[in-house]
Participant: 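The structure is given below, and queries will be raised subsequently.
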Amino acid sequence: MAKKIRSIDITGSSLIIGQDALAELKVQLEFERIRVQSFFILVDDNTSNHCLPILVSKIPLLEEACTIVIKPGEDHKTIQTCEFIWSELARHGANRNSMLINLGGGVITDMGGFAASAYHRGMSFINVPTTLMSMIDASIGGKTGVDLSSLKNIVGLFSNPRGIFVWPDFLKTLPHHYLVSGYAEMLKHAMISEPRFWKILTKMPMSLIRNWDEFIYEAASIKCRIVNNDPYESGYRRLLNFGHTLGHAFETYSLRHDENPISHGWAVAMGMICETYISYRLLDLSLKQRDEIVKTILANFDHYEIDANSIDELVELTYYDKKNRNGVVLLSLLREIGKAVDGQPCDAAMIRESLFRYTDFRRYR
């Protein structure tokens, strides 16, 4: 019987997707034992409870692995948490010949990759994503890092895992809002590069999707194609930042002010609304496509409420973005659905205008 996996070439890593992905991981780990002295697994409280037992049951070799458990959530994606990870690795005798398996969402794969890459100046790691966000985006492409105070991913480096293994059934362990968060990145992938995939997504509300395998493969393929063309984000890969400059501003603002901060995906969805409006104002994006995008996003995401008093702070936050140059905010924007351009300068007045218009888009729901 043919294996139920599909592989995608990705610079510096192998990406395996499908129902037999964990069986393939088992084969790789058996091979890695030739050189790896010890295995470690990084999880948070959620994946420790819901995903780790599944992983170990399918790969008995990992029964003897040392498990490092951290608190879940973006607010724990810090250097302080990395210090805890490094202390646990040292306490249990990890060295450059050890391997860290990152089992979790984007916080785990971002921070685990960073921690492994810095420990002993380079310890190998594997990503096993468990959320939709990490399956199609965060675990792919070699970006690792942590937040500094409330500034997103401001400390990090490029470091590729030895493999990425996507088992779609991990999505069954997730609350619905985690699926919604990853769906924002899926919409983004389609908007910047693949109008055919966009049409597929807009024909069916996210709430009606039951079999995610094909959707994951389509979205991950787009991410891999872009990364392979620009592994270190010197140009083309910046298209993946569509929605993220304003999205990170929303996310940071929420971390500062909300008792229950919005998720990364929800923030990016709101950022895409603003940057779609800016695309309409500065480039050739048509009014029809602008409204199609906004309506599609708001059909799947709640409108994050802000008031006029919040706008100055949100504008200020966009100036901390890593993509900016010489104090100029640079955005990736849309000329049309499926055609994006990067490095578009945008002044504070236009960002402020987009945020004021964003408050009006509530009526599109």
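It should be emphasised that the depicted structure is a prediction, and the values quoted were computed from it without experimental measurement.
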Participant: Thinking salt bridges, do K295 and E292 make one under a 4.0 Å N-O criterion?
Facilitator: no
Participant: In terms of side-chain geometry, is the basic nitrogen of D284 or R335 positioned less than 4.0 Å from the acidic oxygen of its partner?
Facilitator: yes
Participant: Carefully, step by step, assess F215 and I200 under the rule side-chain contact (heavy atoms from CB on, under 4.5 Å).
Facilitator: CA-CA 9 Å; F215 291 88; I200 292 171; 4.0 Å; yes
Participant: Give, for atom CD of Q344 and atom CG of L283, the distance between the pair rounded to the nearest 0.5 Å.
Facilitator: 5.0 Å
Participant: Please tell me if the side chains of L89 and H120 come closer than 4.5 Å, counting only heavy atoms from C-beta onward.
Facilitator: no
Participant: Same cluster or not: F31 versus L62, using hydrophobic residues (I, L, V, M, F, W, Y) connected whenever any side-chain heavy atoms lie under 4.5 Å apart?
Facilitator: no
Participant: Going only through I, L, V, M, F, W and Y residues with side-chain contacts under 4.5 Å, is there a path from I306 to L255?
Facilitator: no
Participant: Any side-chain heavy atom of L330 sitting closer than 4.5 Å to one from P345?
Facilitator: yes
Participant: Any non-hydrogen side-chain atom of N228 less than 4.5 Å from a side-chain atom of R225?
Facilitator: no
Participant: T81: what forms a side chain to side chain donor-acceptor pair (under 3.5 Å) with it, not counting sequence neighbours?
Facilitator: T78
Participant: Does R357 make a cation-pi contact with F361, if we ask for NZ or CZ under 6.0 Å from the ring centre and within 45° of the axis?
Facilitator: yes
Participant: So, using side chain to side chain donor-acceptor pair (under 3.5 Å) as the criterion, who are the partners of E185 when residues are at least two apart?
Facilitator: K188, H244, H264
Participant: Walk me through whether L331 and L333 qualify under side-chain contact (heavy atoms from CB on, under 4.5 Å).
Facilitator: CA-CA 6 Å; L331 301 179; L333 299 175; 3.8 Å; yes
Participant: Between S139 and M135, is there a donor-acceptor pair closer than 3.5 Å when you use the side chain of the first and the backbone of the second?
Facilitator: no
Participant: Give a yes or no on whether the backbone of D213 and the side-chain of N211 come within a donor-acceptor separation of less than 3.5 Å.
Facilitator: yes
Participant: Side-chain contact, heavy-atom cut-off 4.5 Å: I192 with I226?
Facilitator: yes
Participant: Spell out, as yes or no, whether a donor-acceptor pair under 3.5 Å connects the side chain of D307 to the backbone of S310.
Facilitator: yes
Participant: When rounded to the nearest 0.5 angstrom, what is the spacing between SG in C224 and NE2 in H189?
Facilitator: 8.5 Å
Participant: Could you tell me if the side chain of I136 sits less than 4.5 Å from the side chain of K223, heavy atoms only?
Facilitator: no
Participant: Could you tell me the separation between the CZ atom of F39 and the CG atom of L29, rounded to the nearest 0.5 Å?
Facilitator: 5.0 Å
Participant: With side-chain contact (heavy atoms from CB on, under 4.5 Å) as the test, would you mind laying out the steps for D147 and N153 before giving the verdict?
Facilitator: CA-CA 5 Å; D147 303 339; N153 297 322; 3.6 Å; yes
Participant: Please determine whether residues I297 and L208 belong to a single hydrophobic cluster, defined as Ile, Leu, Val, Met, Phe, Trp and Tyr linked transitively by side-chain heavy-atom distances below 4.5 Å.
Facilitator: yes
Participant: Mind checking what makes side chain to side chain donor-acceptor pair (under 3.5 Å) contact with Y178, not counting sequence neighbours?
Facilitator: none
Participant: Can you classify the ring geometry of H257 versus Y253 as parallel (below 30°), tilted (30 to 60°) or perpendicular (above 60°)?
Facilitator: tilted
Participant: Under 4.5 Å between side-chain heavy atoms, counting indirect links through other Ile/Leu/Val/Met/Phe/Trp/Tyr residues: same cluster for M133 and F250 or not?
Facilitator: no
Participant: Between the side chains of Y304 and D258, does any donor sit under 3.5 Å from an acceptor?
Facilitator: yes
Participant: Does Y358 have its ring centroid less than 6.0 Å away from the ring centroid of H303?
Facilitator: yes
Participant: Is it true that a side-chain atom of T144 and a backbone atom of L157 form a donor plus acceptor pair closer than 3.5 Å?
Facilitator: yes
Participant: Ignoring hydrogens and geometry, is there a side-chain-to-backbone donor-acceptor pair from W266 to V180 under 3.5 Å?
Facilitator: no
Participant: What residues form a side chain to side chain donor-acceptor pair (under 3.5 Å) with S134, not counting sequence neighbours?
Facilitator: T131
Participant: Report yes if the side chains of H76 and I70 come closer than 4.5 Å at any heavy-atom pair, otherwise no.
Facilitator: no
Participant: I would like to know whether V146 and C82 meet side-chain contact (heavy atoms from CB on, under 4.5 Å); could you show each step before the answer?
Facilitator: CA-CA 9 Å; V146 295; C82 282; 3.6 Å; yes
Participant: Determine whether the side chains of T318 and T245 contain a donor N or O and an acceptor N or O closer than 3.5 Å.
Facilitator: no
Participant: Got a salt bridge between E336 and K288, using NZ or NE/NH1/NH2 to carboxylate O under 4.0 Å?
Facilitator: no
Participant: Could you list the residues that satisfy ring-ring contact (aromatic ring centres under 6.0 Å, His included) with F114, not counting sequence neighbours?
Facilitator: none
Participant: Can you run down the ring-ring contact (aromatic ring centres under 6.0 Å, His included) pairs that involve residues 123-160, sequence neighbours left out, and say none if there aren't any?
Facilitator: F158-Y232
Participant: Find the distance between OG1 (T296) and CZ (F301) and round it off to the nearest 0.5 Å.
Facilitator: 11.0 Å
Participant: Rounded at 0.5 Å granularity, tell me how far CD1 in I41 sits from SG in C51.
Facilitator: 11.5 Å
